[in-house]
Amino acid sequence: MLELRFIRENLSLVKEKTERRGITDSRIEEFEELDKKRREFLFEIENLRNRRKTVSQKIADLKKKKEDAEALIKEMRDVGARVKELEKELSANDEKLNEIVMGIPNLCDESVPVGQDESENIEVRTWGEIPDLGPKPKAHFEIGAELGILDLERAAKMSGARFVLLKGLGSRLERALINFMLDLHTQKHGYEEVLPPFLVNSATMTATGQLPKFEQDLFKVQDWDLYMIPTAEVPVTNIHSNETLAEKELPKKYVAYTPCFRSEAGSHGKDTRGIIRQHQFDKVELVKLCEPENSNDELESLLADAEEVLQLLKLPYRVVLLCSGDLGFSATKTYDIEVWMPAQNKYREISSCSNFLDFQARRGGIRYRPRGKKKSGLVHTLNGSGLAVGRTLAAILENCRQPDGTIKIPEVLAPYFEKRF
RNA sequence: GGAGAGAUGACCGAGCGGCUGAAGGUGCUCGCCUGCUAAGCGAGUGUGGGGGUUAUACUCCACCGAGGGUUCGAAUCCCUCUCUCUCCGCCA
């Protein structure tokens, strides 16, 4: 959410930047009208309340002196009624205003290229060698079926499309990847591991921006104010919601493994084969809360932390900078890491690293106290996948397949396959 | 699910319906002092919003878990909800 005052004072900028994202129905004109009305209501209400307060004081004094205060009390009765009326009108007005403000996306960073969709994203760099796997590399779902470690049919039987049953070494590999990623980020990159709830309430979803606009993307628990998390970003960013952190505590760096649940409404027909797009998938997520002046640098180091996972796994990838039209609602700037998928002969997203500035912090009330300053300020929040585990598994199956049909597991994973018992 | 207790500022913790945005303490910031990583003294220290200012200053309103209600007036009384704790039941 942007600050009300900021929107009011920068109407054309907000409008222009929103349009850069390809959003034309931001209802900025309506904002102006509702915001003006809001302040008129406030002015009148506050004046009346001020009068009520002073007169009530007078009534108290009169009563203390045992004098008659009936006339004043009668007058205040009317004032109170009028205030109540106006408050009702104000809150109706606020509701409409809020709906608009909550629907305005974050402003994109000046370094973000203007573009319509992912075709206009900019490649920042590539890493690794694309393996030579012959003319027609096998797809991960073929390989998985062949090895008996990936069973989509039985998952469909239980749950429907877009679910997978991992078996044997498949599930073992998934678990190894999760542990490898968590170990790397905690032990080498200094993140604190957390294991958050997988169901969260609507206030939490609102803070990070999934609600109110994107409810159709979420799975909701019937009759409860609970949603299944689409990413660990949601609970982890909210760990410190409505708290004021000390400056010396920053930056807060968290890493969390969670399953993620997405309805994938609107992506019918996309990635229908395999495990690239699932209703449930595992992800290791990196989340940072930091001081505003550092968030740009923190984004770069977050990206580097995520990239290192692929480097250690020796999987070829590239980094792209998302253009304005492809940028998520709450983000000001996003880098995607895309891993090479041989069967598709292209790079596919495996991580998304974003800076949200104070957009989420304002919604969630995440503050910090700057050293030597009286007023607390909003932190900046960032997050990125480190990495999407299912897609990593798919990438390993496709990239590391040997001519004899076996998979050569990346060396760094060896410790996770040791015999323990 | 049943019975009871509670929810106050960054934290702890007071608070007869009016003089409480809220005592006291801790922490933090600034200053002073002190021959030494401490102690002492003084001052300051919530959030949001409106008006005002180039920006300060200043000023007004709201907020004591959330939402309603009673009242001229609510942190204080009433109702509903949420959460926490204790006991019982159930349960991985």
Side-chain angles (χ1 to χ4, degrees), chain A residues 1-10 31-98 100-102 195-207 211 221 223-227 235 238-250 252 289 291 358-379:
Chain A
M1 173 171 81
L2 299 171
E3 196 179 10
L4 224 50
R5 183 198 300 262
F6 179 87
I7 301 173
R8 184 186 308 142
E9 290 171 358
N10 299 280
F31 169 89
E32 224 175 339
E33 174 68 21
L34 290 164
D35 179 58
K36 189 165 156 248
K37 263 172 115 180
R38 168 170 180 272
R39 279 178 295 160
E40 285 166 3
F41 278 128
L42 278 177
F43 182 78
E44 199 177 346
I45 290 172
E46 289 185 0
N47 276 334
L48 287 173
R49 282 206 279 231
N50 180 242
R51 173 150 175 77
R52 181 175 70 184
K53 204 172 168 181
T54 36
V55 174
S56 290
Q57 192 52 244
K58 207 174 288 174
I59 293 171
D61 292 343
L62 284 175
K63 286 206 160 174
K64 218 171 269 173
K65 286 187 261 174
K66 306 250 190 251
E67 287 177 32
D68 178 52
E70 245 340 283
L72 287 177
I73 289 177
K74 208 174 245 172
E75 188 195 338
M76 285 309 102
R77 216 169 275 165
D78 294 339
V79 170
R82 178 71 183 142
V83 167
K84 210 163 273 182
E85 240 172 76
L86 286 169
E87 280 173 343
K88 212 170 268 175
E89 288 180 53
L90 172 67
S91 77
N93 192 75
D94 274 352
E95 209 168 295
K96 283 191 227 163
L97 180 65
N98 198 37
I100 292 175
V101 172
M102 291 302 260
L195 186 61
F198 302 161
L199 300 179
V200 299
N201 59 30
S202 51
T204 301
M205 283 291 186
T206 304
L211 291 179
V221 182
D223 297 328
W224 289 74
D225 179 33
L226 286 175
Y227 296 83
N238 276 285
I239 289 175
H240 297 291
S241 65
N242 297 312
E243 290 182 19
T244 305
L245 300 162
E247 185 193 78
K248 62 184 172 207
E249 293 180 80
L250 299 177
K252 283 271 184 197
L289 311 180
E291 295 167 70
D358 59 11
F359 190 87
Q360 296 179 325
R362 182 170 296 107
R363 291 179 169 219
I366 314 172
R367 316 181 158 277
Y368 79 109
R369 199 167 303 283
R371 192 186 303 282
K373 282 205 185 156
K374 275 190 183 176
K375 278 187 96 65
S376 63
L378 295 166
V379 302

Listed pairs, N/O of protein and of nucleotides 66-70 of chain B, under 3.5 Å:
| residue | atom | partner | partner atom | Å |
| --- | --- | --- | --- | --- |
| U70(B) | OP2 | K84(A) | NZ | 3.2 |

From the candidates C72(B), G48(B), G49(B), the one with an atom nearest any side-chain atom of E3(A) is G49(B)
For [N], does either OP1 or OP2 sit under 4.0 Å from a side-chain N or O belonging to [X]?
| X | N | answer |
| --- | --- | --- |
| T244(A) | G46(B) | no |
| R363(A) | G48(B) | no |
| R369(A) | C28(B) | no |
| R39(A) | G52(B) | no |
| R38(A) | G50(B) | yes |
| R5(A) | G50(B) | yes |

Going by the rule side chain to side chain donor-acceptor pair (under 3.5 Å), which residues pair with E247(A) if we only count those two or more places apart in sequence or in a different chain?
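With neighbours one apart ignored, the set is R371(A).
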By side chain to side chain donor-acceptor pair (under 3.5 Å), N242(A) pairs with (sequence neighbours left out) none
Is F41(A) close to D94(A) at the side-chain level, that is, under 4.5 Å between some pair of heavy atoms?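 Contact flag for D94(A)/F41(A) side chains = no.
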### Message
Taking the nucleotide of RNA chain B with the nearest heavy atom to each, does F43(A) or R77(A) sit closer to the 5' end?
### Response
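Final value for this comparison: F43(A).
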**Asked** Got a sec, which residues hit salt bridge (charged side-chain N to carboxylate O under 4.0 Å, His left out) with R367(A), two or more places apart in sequence or on another chain?
**Response**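 Result, salt bridge (charged side-chain N to carboxylate O under 4.0 Å, His left out) vs R367(A): none returned.
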| query | Sequence neighbours excluded, which residues qualify as salt bridge (charged side-chain N to carboxylate O under 4.0 Å, His left out) partners of D35(A)? | reply |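 Scan of D35(A) (salt bridge (charged side-chain N to carboxylate O under 4.0 Å, His left out), adjacent residues dropped) gives R8(A), R39(A).
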Output one line per pair: protein atom, nucleotide atom from nucleotides 15-19 of chain B, and distance, for all N/O pairs under 3.5 Å.
| residue | atom | partner | partner atom | Å |
| --- | --- | --- | --- | --- |
| G18(B) | N2 | S56(A) | O | 3.1 |

>> Which residues pass the side-chain contact (heavy atoms from CB on, under 4.5 Å) test with E32(A), not counting sequence neighbours?
In response: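 Checked E32(A) against side-chain contact (heavy atoms from CB on, under 4.5 Å); matches are L11(A).
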- [ ] Name all residues meeting the side-chain contact (heavy atoms from CB on, under 4.5 Å) criterion together with I100(A); count only those two or more places apart in sequence or in a different chain, and write none if there are none.
- [x]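 side-chain contact (heavy atoms from CB on, under 4.5 Å) check on I100(A) returns R27(A), E30(A), F31(A), L34(A), I104(A).
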**Asked** side-chain hydrogen bond (donor to acceptor under 3.5 Å, both in side chains): which pairs involve residues 56-74 of chain A, sequence neighbours left out?
**Response**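 Pairs touching residues 56-74 of chain A that pass the test: none.
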Q.
Filter on side-chain hydrogen bond (donor to acceptor under 3.5 Å, both in side chains), then keep only pairs touching residues 75-90 of chain A, sequence neighbours left out; what's left?
A.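 Non-adjacent pairs meeting side-chain hydrogen bond (donor to acceptor under 3.5 Å, both in side chains): E44(A)-R82(A), R49(A)-E87(A), R51(A)-E75(A), R82(A)-E85(A).
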For nucleotides 58-63 of chain B, 5' to 3', base contacts (B), sugar-phosphate-only contacts (S) and non-contacts (-) with protein non-hydrogen atoms under 4.0 Å give --BBS-
For atom [atom1] of [X] and atom [atom2] of [N], their distance in whole Å:
| X | N | atom1 | atom2 | answer |
| --- | --- | --- | --- | --- |
| L48(A) | G73(B) | CG | P | 13 Å |
| L245(A) | C28(B) | CG | C1' | 14 Å |
| K36(A) | G50(B) | NZ | P | 16 Å |

Selection: residues 65-74 of chain A, any non-hydrogen atom under 4.0 Å of RNA chain B: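 Contacts with RNA chain B under 4.0 Å: I73(A).
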